[in-house]
There are 2 protein chains.
Amino acid sequence: MGSDKSMAGSAAGAPFAGARIGRVAAPIREQVLDVIRQGILDFQLRPGQRLIERELIEQLGVSRPTIREVLSRLVAEGLVTIQPQHGAIVAVLSPVEAEDIYEMRVPLEVLVMQRFVKRATDEEVAQLRGALARIEEITEAGSETQSRLRAKDDFYQIVFEGARSPVLAQTLQTMQGRIRLLRATSLATAGRPEASLEEIRQLVAAIERRDLDAVAAAATAHVRNAAASALSQLAENGAEAARS
Amino acid sequence: MGSDKSMAGSAAGAPFAGARIGRVAAPIREQVLDVIRQGILDFQLRPGQRLIERELIEQLGVSRPTIREVLSRLVAEGLVTIQPQHGAIVAVLSPVEAEDIYEMRVPLEVLVMQRFVKRATDEEVAQLRGALARIEEITEAGSETQSRLRAKDDFYQIVFEGARSPVLAQTLQTMQGRIRLLRATSLATAGRPEASLEEIRQLVAAIERRDLDAVAAAATAHVRNAAASALSQLAENGAEAARS
DNA sequence: CGCTCATATATTGTCTGACAATGAGCCGGC
DNA sequence: GCCGGCTCATTGTCAGACAATATATGAGCG
């Protein structure tokens, strides 16, 4: 409830401190889009779960056209599937698709990392090292997957910024989104945070040395290993599901 | 079939060659999506041109929510840009974006070609040769760009089918769509159809030999050359535009 | 007791109409 | 001649409505 539309008037607390919500700052549909996407990426909405328009309308307090527009966008991103005449569900990644995506990610990630080497400022490289440090911290603390994922998102954010390649960045971002779906499907790959961390360390080291070949090798290894881990897990999970 | 009930106004001057939407099998919005996308890809809707909702409604005879949904999808595909509070326009590719896309296409196209080699049936390979033959025909006949593009689309369609990689295929397809936008911007790259044809010949030959390395080399060369040609043209065009 | 069929419900697909808010262009005044 | 206000066009968003279709429920029958 709450969240009336025209509450802009008084705004008791912050005259112009906080971000103005609703009206001018961000179109409603962007907000809705973010909310639902985040819900999927954070595993609150699980793959296969139905997304019923009426429910979303009630929960988010927006109108049906808005919801439909948002769902369309999510379909385009590959995070939602629409079964005609039946409704939208959170997308379920098939092993075939997952393999495809990982295979595509390899060269694209190499590309973006090399671009980062070529275009990023020294400051951005330093930021990258900082992000690595945070990942190390979290990994060593053995924190939950959630925060690790967020730290890795930050890491990639810096890479994308520094690479100055908006299209490439966006493509990779949606790919990573879909892969995260996969992670939700196979329920916490958990897998190998330490191995992954070591790979990232090597990657950052190569970046700092500005060694393009080493960067390519490290990026390739990282994605390949992630793929192998995720896909094997998915295979197990799939077998299990088939058995039941 | 179609054209049952509301065949309303004649809409003589529709920019899309008499395409009218009827309520039949496919969902209306899919039809609308196809029509507008095709309009963009066929250069009937030129980059930068405004897409005013009201006009589209009148020309296509569908309602506003439908149009908006379609425009959203096209935004996601990168064919349309929305300027907040101002409206949608056919996307204009900046040189930076174009370069990005071409650079991404290189490894992805290598990937899809190699997959085709590994997975396509002999019959599909034969079909590919057939498609090549048609391209040759059209090129030698010196036909207009339009039919050449269509023939190349057919060629790629076969590749995508045979590669059995839906995700990869879709990604490449949207990329090629955006690149075609570029072609519309710089007004008929024209370029050298003969050179392009020779590259494709080499590619098909490598595929028939099932020589993965040669396929990679040929695919890379093809995309790289296309990029060089398109980008140089764009640079000229940009300079010209800047002058005026 | 299980199975098939008909009904009922739920949900989407689409349309109509409406309103506020924002941006663009125009016109008059200084 | 320039600036400010005004009008208009266009988008952003909502509410309600209806048909079509898929799923679930229950009744009747073998």
### Message
Can you measure L71(B) atom CG to dT11(D) atom P for me and round it to whole angstrom units?
### Response
9 Å

### Task
Please work out if I67(A) contacts a base, only the sugar-phosphate, or nothing of the nucleic acid, heavy-atom cut-off 4.0 Å.
nothing

### Task
Rounded to the nearest angstrom, tell me the gap between atom CG in L56(A) and atom C1' in dT13(D).
17 Å

### Query
For R68(A) and dG13(C), is the shortest distance between a side-chain N/O and OP1 or OP2 below 4.0 Å?
yes

### Query
To the nearest Å, how far apart are R73(A) CZ and dG12(D) P?
11 Å

### Query
Hey, does the side chain of R64(A) come within less than 4.0 Å of dA15(D)'s phosphate (OP1/OP2), counting only N and O?
no

### Query
Where do Y102(B) and A230(B) come nearest, in terms of heavy atoms and distance?
OH-CB, 3.3 Å

### Task
Counting heavy atoms from C-beta on, name the nucleotide in dT14(C), dT11(C), dC14(D) closest to the side chain of T66(A).
dC14(D)

### Distance, rounded to the nearest Å, where I89(A) contributes CD1 and dA22(D) contributes P
16 Å

### Message
What is the distance, to the nearest angstrom, from the CD atom on Q83(A) to the C1' atom on dT21(D)?
### Response
14 Å

### Query
Counting side-chain heavy atoms from CB outward, which of dT14(C), dC14(D), dT12(C) is closest to V62(A)?
dC14(D)

### Message
Which is more 5' along DNA chain D, the nucleotide nearest A88(B) or the one nearest P65(A)? Just name the residue.
### Response
A88(B)

### Task
May I have the distance from Q85(A) (atom CD) to dA24(D) (atom P), rounded to whole angstrom?
16 Å

### Query
Which is true for L51(A) with a 4.0 Å heavy-atom rule: it touches a base, it touches only sugar-phosphate, or it touches nothing?
sugar-phosphate

### Task
Starting from P on dG12(D), measure out to CD1 on I82(B) and report it in whole angstrom.
6 Å

### Selected nucleotide, minimal atom distance to S63(A) side chain, candidates dA15(D), dA24(C), dT11(D)
dA15(D)

### Message
Looking at R73(A) and E69(A), is any side-chain nitrogen of the basic one under 4.0 Å from a carboxylate oxygen of the acidic one?
### Response
no

### Query
Between atom CD in Q31(B) and atom P in dG13(C), what is the gap in whole Å?
14 Å

### Query
Does a side-chain N or O from R29(B) land closer than 4.0 Å to OP1 or OP2 of dT14(C), or not?
yes

### Message
Going by side-chain contact (heavy atoms from CB on, under 4.5 Å), E109(B) matches just one of Q114(B), Q176(B), M175(B). Which one?
### Response
Q176(B)

### Query
Is the closest basic N to carboxylate O distance between R37(B) and D34(B) below 4.0 Å?
yes

### Query
Are any of R54(A)'s side-chain N or O atoms less than 4.0 Å away from OP1 or OP2 of dT11(C)?
yes

### Query
Do Q170(B) and E77(B) have a side chain donor and acceptor closer than 3.5 Å?
no

### Minimum-distance nucleotide to E53(B) side chain [options: dT11(D), dT23(D), dC14(D)]
dT11(D)

